[in-house]
Amino acid sequence: MTPPAFIDFSAPSVEVAQALIGSTLLVDGVGGRIVETEAYDHDDPASHTFSGPTKRNEVMFGPPGRAYIYRSYGIHWCLNFVCQAEGHGAGVLIRAIEPVAGLEIMRARRGLHEERLLCAGPGRVCQALGITNAHSGMRVDTHPFQLSVPEGRIRTLAGPRIGITKATDVPWRFGLSGSPFLSRPFR
DNA sequence: TAACCGATTAGCT
DNA sequence: GCTAATCGGTTAA
């Protein structure tokens, strides 16, 4: 497939999740290529927005193209891109990144770790890129974020989402084909 | 009580 | 080498 010239965050989250694969995400110049995402839709029982707005998920109900950041299991931060406005609340979870820029900074933030595990998982991505809820609600295409689409053609894989118990049958997890930086392999 | 997870440990092959 | 189990804080149904 030919990648779009830019990411249209008002598109359905499943399309955005696919379009983001291969894109480069930097936060203050640190980051790399997005190799794994998951889509969460507004009528999706696995989505935080399914039961309506709360204090935590309110930015999911705001304008698209923003960062929704939540604390996972009380310990980790997880980064989502808000996809749809108009009272629905859909988004894309950034699950893994191939480290490209600021390797030493990421290693320092994560503690001694091999490159493959620097950003292989949603909590690890946030730790390596220095993302906290201070970034919640910020646009993901302006400072300190930097988002650029790939030049070449991208081969993506699809499969069931990870770590959820509802709607486990929809293949809304996407990955870069052949990437060794996935949080888990596709099968 | 369950959840969009990660580090560590214990037990396997 | 691998998988299964366990624990760790917060949020919200």
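Naming convention: chains lettered A, B, ... in sequence-line order (proteins, then strands); numbering from 1 in each chain.
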Please write out the pairs of protein N or O atoms and N or O atoms of nucleotides 11-13 of chain C separated by less than 3.5 Å, giving the distance to one decimal.
unit_1: dA12(C); atom_1: OP1; unit_2: T54(A); atom_2: OG1; d: 3.0
unit_1: dA12(C); atom_1: OP1; unit_2: R56(A); atom_2: N; d: 2.8

Between D44(A) and A167(A) (side chain of the first, backbone of the second, donor and acceptor by atom type, cut-off under 3.5 Å), is there such a pair? no
Between dA5(C) and dT13(B), how far apart are the P atoms? Round to whole Å, please. 15 Å
Would you say that L93(A) contacts T37(A) through its side chain, given a criterion of any heavy-atom pair below 4.5 Å between the two side chains? no
Decide side chain to side chain contact (heavy atoms under 4.5 Å, CB included) for F174(A) and R161(A); before the verdict, give the C-alpha distance in whole Å, the side-chain angles of both, and the deciding distance to 0.1 Å. CA-CA 9 Å; F174(A) 301 98; R161(A) 295 176 291 182; over 6 Å; no
Output all residues satisfying side chain to side chain contact (heavy atoms under 4.5 Å, CB included) with S183(A), sequence neighbours left out; order by chain, then residue number. E36(A), R95(A), I162(A), R173(A)
d(CD1, I131(A); P, dG6(B)) in whole Å: 13 Å
Less than 4.0 angstrom between a side-chain N/O of R95(A) and OP1 or OP2 of dC5(B), yes or no? yes
Given side chains that start at C-beta, do those of Q84(A) and P64(A) come closer than 4.5 Å, heavy atoms only? no
Whole-Å distance, L79(A) CG to dC5(B) P, equals 14 Å
Measure the distance from CD1 on I164(A) to C1' on dA2(B) and round it to the nearest whole Å. 14 Å
Ignoring hydrogens and geometry, is there a side-chain-to-backbone donor-acceptor pair from R124(A) to A120(A) under 3.5 Å? yes
Run the side-chain donor-acceptor check on residues 24-32 of chain A: report pairs under 3.5 Å with partners two or more places apart or on a different chain.
none

Whole angstrom is fine here: how far is it from CD in E114(A) over to C1' in dG1(C)? 14 Å
Any sub-3.5 Å donor-acceptor pair from R66(A)'s side-chain atoms to R139(A)'s backbone N or O? no
S136(A) side chain to N133(A) backbone, donor-acceptor under 3.5 Å: no
Going by distance alone, is a donor N or O of one side chain under 3.5 Å from an acceptor N or O of the other, for R109(A) and Q127(A)? no
Dot-bracket for DNA chain B, please, read 5' to 3', with Watson-Crick or G-U wobble pairs under 3.5 Å on both distances, ( ) within the strand, [ ] crossing, | other strand, . unpaired. |||.||||||||.
Under the rule syn = chi within 90° of 0, otherwise anti, which is dG9(C)? syn
Do side-chain atoms of D41(A) reach the backbone of D43(A) as a donor and acceptor pair under 3.5 angstrom? no
Could you state the CD1-P distance from I69(A) to dC4(B), rounded to the nearest angstrom? 17 Å
Check the phosphate of dC5(B) against S183(A), side-chain N and O only, distance under 4.0 Å to OP1 or OP2. Yes or no? no
Sequence-aligned protein contact record of nucleotides 7-13 of chain B, with B where the base is within under 4.0 Å of a protein heavy atom and S where only the sugar-phosphate is: S------
Atom CZ of R109(A) and atom P of dG6(B) are separated, to the nearest Å, by 17 Å
How long is the line joining CG of D44(A) and P of dA3(B), in whole Å? 14 Å
Can you check the I162(A) CD1 to dA3(B) C1' distance for me, whole Å? 15 Å
Do E38(A) and P122(A) touch side chain to side chain, with heavy atoms closer than 4.5 Å? no
Is the Lys NZ or Arg CZ of R33(A) less than 6.0 Å from the centre of F181(A)'s six-membered ring, within 45° of the axis? no
Please list, for nucleotides 2-9 of chain C, all pairs of protein and nucleotide N/O atoms separated by less than 3.5 Å.
unit_1: dG8(C); atom_1: N2; unit_2: H76(A); atom_2: NE2; d: 3.4
unit_1: dG9(C); atom_1: N7; unit_2: Y73(A); atom_2: O; d: 2.4
unit_1: dG9(C); atom_1: N7; unit_2: G74(A); atom_2: N; d: 3.3

Look at the side chain of D141(A) and the backbone N and O of L147(A), then say whether any donor-acceptor pair between them is shorter than 3.5 Å. no
